[in-house]
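Per chain, numbering begins at 1; letters A, B, ... match sequence-line order. Computed from a prediction, not measured in an experiment: that's the story for all the values here.
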Protein chains: 2
Amino acid sequence: MAEQKKTRSVIKREAIITGALAAFQQYGVADSSMDKIAELAQVSKRTVYNHFESKEVLVAEIITSEWEKRTVVYDALYDANKDIKSQLTALVANEVELMCDSAMMELVRVAMAHFLFAPDTLQHQMAKMFEQETALQRWLKLAMADGKLKTLDVNFAHDQIKGLLKSRAFWPQLLRQQEPLTANEKTELVDMTVGMFLSYYQA
Amino acid sequence: MAEQKKTRSVIKREAIITGALAAFQQYGVADSSMDKIAELAQVSKRTVYNHFESKEVLVAEIITSEWEKRTVVYDALYDANKDIKSQLTALVANEVELMCDSAMMELVRVAMAHFLFAPDTLQHQMAKMFEQETALQRWLKLAMADGKLKTLDVNFAHDQIKGLLKSRAFWPQLLRQQEPLTANEKTELVDMTVGMFLSYYQA
DNA sequence: AATTTAAACTGCACTGTGTAGTTTACTTTA
DNA sequence: TAAAGTAAACTACACAGTGCAGTTTAAATT
């Protein structure tokens, strides 16, 4: 790794981002002043403005870059020789892990609160964050092409799976109405979801 | 109807609520100043404060009262003599109508943005808004007791149905990524949901 | 029908506070 | 020594909330 040669500028920048994220997660974007952010980052306010020309720029940059950092692509492609159920189970388990990740959840919370009433220009930015083909979608297409699933609308089916998962593993936690799922609850959720999906869709 | 005798006070109060709701829906709670609300309501700011002692009180009162107004109870109880599928279809169709309602959606948008980073005390208020047994839950219990459905965790099953519906009819619209569903799309969604649910749970 | 009364509303000036963003004079670091 | 950071004061503004003198409204009284 070439991580030793961090210039002071880079160090400060990272501190700002860390501090801003912490502030956003604790107070939300609207209630995080630039002074608070600078203080949390252990950096002078002027330095914040040297790195980010305005609060809006800082917010946008942090949210999108953190988002990209966290949407890593898990690419287990469809394998015609392996059994459908176990493949789907692995994929779905992966989706659950992604959506349960607490850093991810906090980021979504920040982004949602910030974008819900944002002007159109910012809404587009949010839209881009969401429209991103998942490994699950690719797999569904291939499995269907291979005749292992009933003919189906891939997007519809994908939303069904996501809906089944999120209603238990994501939304209640995002709204802080429910504790994060335990490992057991996760596997149960995955099994039930795959079971229900295949009971309807398996060819 | 005894609606003619509205005192001036009542008229003003209603104007304030209407104005505040309009402001909230357009700008969000945080960016709706009391001046803006008074202006939209065509009422002096002082009058707003005569009716609501602070902004927080105004927000809380409006959100909860509007919520209660909109969560009307549809009570179609389980009927052992009628066929399972048609009963469930009616109930699910009702749920979809409720969650698609644009006034409801706007209210949820306002409430979410407002409560997402609120202190614990306010979070409890939100929690109460959500924990409310639906006709669907009651029906599932009775249908299961009657042996028409496999033994199941009622809450889990309920969340599954809600998840299947919301991932297509609610969340994308809330985030303004998707237009509201057409009538056809709604019935298709209802049919697919009931179909999938029963394919797994019907005894 | 004219007058009185009390409650509610208005408009406006004013206080206090919090915040984005700027500026300045000084210090550190590569 | 030049670029980057620091600390603190400062500007300009928006907002929540208050106080008050004067006006409107509707109903009760004459």
Side-chain angles (χ1 to χ4, degrees), chain A residues 2-63 110 113-114 117-119 121-122, chain B residues 2-63 110 113-114 117-119 121-122:
Chain A
E3 282 186 19
Q4 294 140 342
K5 299 265 169 163
K6 277 181 190 168
T7 95
R8 188 165 54 138
S9 179
V10 169
I11 292 170
K12 294 291 173 180
R13 185 170 233 272
E14 288 171 356
I16 293 169
I17 292 175
T18 309
L21 263 179
F24 294 163
Q25 284 162 16
Q26 187 166 2
Y27 309 107
V29 172
D31 289 333
S32 295
S33 71
M34 294 297 261
D35 292 282
K36 221 180 269 175
I37 291 170
E39 193 194 325
L40 270 175
Q42 300 268 61
V43 141
S44 91
K45 187 168 134 183
R46 194 63 185 85
T47 301
V48 177
Y49 277 100
N50 284 343
H51 283 273
F52 302 92
E53 70 180 8
S54 71
K55 189 180 175 185
E56 260 315 301
V57 168
L58 179 142
V59 169
E61 205 155 312
I62 288 186
I63 290 181
V110 167
H114 185 242
F117 287 95
T121 52
L122 282 186
Chain B
E3 281 187 21
Q4 294 140 341
K5 299 267 171 164
K6 277 182 192 167
T7 93
R8 186 164 55 138
S9 178
V10 170
I11 292 170
K12 294 291 174 179
R13 184 170 232 273
E14 288 172 355
I16 294 168
I17 292 175
T18 309
L21 265 179
F24 294 165
Q25 284 162 17
Q26 187 166 1
Y27 309 107
V29 171
D31 289 333
S32 295
S33 72
M34 294 298 259
D35 292 281
K36 221 182 268 175
I37 291 169
E39 194 193 325
L40 270 175
Q42 300 268 59
V43 142
S44 95
K45 182 167 141 184
R46 205 63 185 80
T47 300
V48 177
Y49 277 100
N50 286 342
H51 283 273
F52 303 93
E53 68 180 9
S54 71
K55 188 182 176 183
E56 260 315 300
V57 168
L58 179 142
V59 169
E61 207 156 310
I62 288 186
I63 289 182
V110 167
H114 184 242
F117 287 95
T121 53
L122 282 186

* Asked: Can you check side-chain contact (heavy atoms from CB on, under 4.5 Å) on A:Lys45 and A:Tyr49, steps first, answer last?
  -> CA-CA 7 Å; A:Lys45 187 168 134 183; A:Tyr49 277 100; 4.1 Å; yes
* To do: Evaluate side-chain contact (heavy atoms from CB on, under 4.5 Å) for B:Ile16 paired with B:Phe52, printing each intermediate quantity in order.
  => CA-CA 10 Å; B:Ile16 294 168; B:Phe52 303 93; 3.7 Å; yes
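To the nearest angstrom, P of C:dT10 lies 10 Å from CD of B:Gln42. Rounded to an integer number of Å, the gap from A:Tyr49 OH to D:dA7 P is 17 Å. Atoms CD1 (B:Ile16) and P (C:dT10) sit 8 Å apart, rounded to a whole Å. As a whole-Å value, the separation of B:Ile37 CD1 from D:dG17 P is 11 Å. Taking atom CZ of A:Phe52 as the reference point, atom P of C:dA20 lies 15 Å away to the nearest angstrom. A:Lys55 has its NZ atom 15 Å from the P atom of C:dT22, to the nearest Å. At whole-Å resolution of the value, CG in A:Asp35 and P in D:dA7 are 13 Å apart. Atom pair B:Ile11:CD1 and D:dT24:C1' shows a separation of 13 Å (rounding to whole Å applied).
Panel note: side chain A:Ser32, backbone A:Ala23; a donor-acceptor pair is recorded below 3.5 Å. Of the possible polar contacts, none joining the B:Lys12 side chain to the B:Thr7 backbone as a donor-acceptor pair under 3.5 Å is found.
Remark: the A:Lys45 side chain and the C:dG21 base include a donor-acceptor N/O pair separated by less than 3.5 Å. One can find a donor-acceptor pair under 3.5 Å joining the base of D:dG19 and the side-chain atoms of B:Arg46.
For residues 22-32 of chain B, proximity to DNA chain D is found at B:Ser32, defined as any non-hydrogen atom under 4.0 angstrom from a strand atom.
With a 4.5 Å cut-off on side-chain heavy atoms, A:Phe117 and B:Val110 count as touching.
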Which pairs, protein N/O on one side and nucleotides 12-14 of chain D N/O on the other, fall under 3.5 Å?
none

Identify all pairs in which a protein N or O lies below 3.5 Å from an N or O of nucleotides 6-9 of chain C, and state each distance.
residue, atom, partner, partner atom, Å
C:dA8, N3, B:Arg8, NH2, 3.0
C:dC9, OP1, B:His51, NE2, 3.2
C:dC9, OP2, B:His51, NE2, 3.4
C:dC9, O4', B:Arg8, NH1, 3.2

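Among B:Ile11, B:Val10, B:Ile17, the single residue meeting the side-chain contact (heavy atoms from CB on, under 4.5 Å) criterion with B:Arg13 is B:Ile17.
Atoms CD and CD, on A:Glu53 and A:Glu61 in that order, are 9.5 Å from each other to the nearest 0.5 Å. To the nearest 0.5 Å, atom CD1 of residue A:Ile63 and atom CG of residue A:Leu21 are 8.5 Å apart. For the atom pair OG1 (B:Thr47) and CG (B:Asn50), the distance works out to 5.5 Å, reported to the nearest 0.5 Å. Taking CG of B:Leu122 as the start and NE2 of B:His114 as the end, the distance is 6.0 Å to the nearest 0.5 Å.
A:Lys36 and A:Asp31 get closest at one heavy-atom pair: NZ-O, 3.0 Å.
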